[in-house]
Amino acid sequence: MSKIRPLLFLLLIFLAVLTTNYIISTRIGDVGNVNVSFKSTSHHSENEIKHTMNLVKSYFHKNFKSCKLTDLWYDDKRSLASENEWKKQYNGTKAIILSSNFDVGFYGGDASLNPGATYDHWEWVLVQDSKGKWAIKTYGY
């Protein structure tokens with residue numbers, strides 16, 4: 001009986017560690033304290049920029065597990081330089097390019113991200129279709 005208790009204790013510790021690792025590794029993307037910056041332009045309204053930023057935050061929250069979105073911004077000059085190309089490629093009426101910085105947690109989100117890394121100037125390409133609906137078409141460097 002005295003040998004069973006230490007084994008039971010070790011088994012409980014092992015199960016607790018496995019459960020904790022599972023919870024951490026399946027954690028959703030953290031978008032709680034994102035530093036957002038933009039200025040409305042003649043090309044994109046404030047509401048349009050906010051809406052596309054919300055789409056990015058929602059996507060990040062659902063798909064970038066164990067990652068923390070730290071910054072999200074719209075840079076008019078950077079975006080306008082390539083918007084027409086993206087608009088044509090995806091047969092849209094408008095395009096917008098947002099930039100972001102984010103940190104990857106210990107479990108790395110997915111196999112394409114380096115655990116513990118920080119990704120700077122990660123771009124998000126969103127295109128508006130003929131019905132006015134915006135969608136994320138691609139992202140990365």
Side-chain angles (χ1 to χ4, degrees), residues 2-141:
S2 64
K3 291 182 179 181
I4 294 176
R5 283 188 179 162
L7 289 175
L8 184 60
F9 179 72
L10 288 174
L11 178 63
L12 289 173
I13 289 176
F14 178 73
L15 289 174
V17 168
L18 281 179
T19 302
T20 302
N21 285 341
Y22 176 76
I23 290 169
I24 291 171
S25 67
T26 58
R27 201 177 99 194
I28 55 178
D30 182 358
V31 295
N33 291 310
V34 182
N35 179 29
V36 175
S37 62
F38 66 90
K39 293 180 182 175
S40 59
T41 67
S42 60
H43 194 68
H44 295 292
S45 70
E46 183 176 332
N47 286 338
E48 204 167 43
I49 296 169
K50 283 182 179 179
H51 176 68
T52 56
M53 287 183 160
N54 286 336
L55 290 174
V56 168
K57 287 192 282 187
S58 177
Y59 187 87
F60 189 95
H61 179 71
K62 292 175 187 170
N63 296 288
F64 280 67
K65 295 175 181 167
S66 188
C67 297
K68 181 178 182 178
L69 186 62
T70 56
D71 303 286
L72 182 61
W73 68 95
Y74 171 74
D75 179 342
D76 195 43
K77 289 180 185 176
R78 185 177 183 122
S79 186
L80 289 177
S82 59
E83 283 182 12
N84 282 332
E85 294 171 30
W86 290 113
K87 182 173 69 171
K88 287 178 188 175
Q89 180 174 341
Y90 290 104
N91 198 29
T93 58
K94 281 187 170 183
I96 190 169
I97 292 83
L98 302 175
S99 298
S100 66
N101 299 330
F102 65 92
D103 298 322
V104 180
F106 179 72
Y107 288 95
D110 67 20
S112 67
L113 301 173
N114 296 321
T118 296
Y119 288 81
D120 295 322
H121 294 92
W122 183 273
E123 290 190 340
W124 301 84
V125 176
L126 296 95
V127 176
Q128 185 181 52
D129 66 18
S130 61
K131 295 178 183 176
K133 183 177 178 183
W134 285 94
I136 297 170
K137 294 299 184 179
T138 189
Y139 52 85
Y141 286 118

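Residue indices begin at 1 and follow the sequence shown.
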- For the atom pair CG (L126) and NZ (K87), what is the distance rounded to the nearest 0.5 Å? 15.0 Å
- Message: Given 3.5 Å as the limit, does a donor-acceptor pair link the side chain of T52 with the main chain of E48, or not?
- Response: yes
- Query: Has the side chain of T70 got a donor or acceptor atom that lies under 3.5 Å from a matching backbone atom of N101?
  - Reply: yes
- Would a distance-only check, ignoring hydrogens and angles, find a side-chain to backbone donor-acceptor pair under 3.5 Å from S79 to I97? yes
- Task: Enter the distance from W134:CH2 to T93:OG1 here, rounded to the nearest 0.5 Å.
- Result: 7.0 Å
- Would you name the heavy atoms of M53 and Y74 that are closest together and state the gap between them? CE-N, 3.7 Å
- Message: What's the separation between atom CG in L98 and atom CD1 in I136, rounded to the nearest 0.5 Å?
- Response: 8.5 Å
- Item | Aromatic ring proximity, centroids under 6.0 angstrom, W124 and F102 | no
- Which heavy-atom pair separates S99 from E123 by the least distance, and what is that distance? OG-CG, 4.1 Å
- Message: Tell me whether Y119 contacts the main-chain N or O of G140 through its side chain, where contact means a donor paired with an acceptor under 3.5 Å.
- Response: no
- Query: Hey, what do you get for NE2 (H51) to NE2 (H44), rounding to the nearest 0.5 Å?
  - Reply: 12.5 Å
- Task: Please name the pair of heavy atoms, one in K137 and one in V127, separated by the smallest distance, quoted to 0.1 Å.
- Result: CG-CG2, 3.7 Å
- Message: Let's go through H121 and W73 carefully: what are the C-alpha distance in whole Å and the side-chain angles of both, what is the deciding distance for side-chain contact (heavy atoms from CB on, under 4.5 Å) to 0.1 Å, and is it a yes or a no?
- Response: CA-CA 9 Å; H121 294 92; W73 68 95; 3.4 Å; yes
- Look up atom CG in L69 and atom CZ in F60, then write down how far apart they are to the nearest 0.5 Å. 5.0 Å
- Query: With no hydrogens and no angle check, is any side-chain donor or acceptor of T138 less than 3.5 Å from a backbone partner on V125?
  - Reply: no
- When you look at V56 and S100, which way does the side-chain contact (heavy atoms from CB on, under 4.5 Å) test go after all the steps? CA-CA 10 Å; V56 168; S100 66; 5.7 Å; no
- Query: In Å, rounded to the nearest 0.5 Å, how long is the span from CD1 of I28 to CZ of F64?
  - Reply: 14.5 Å
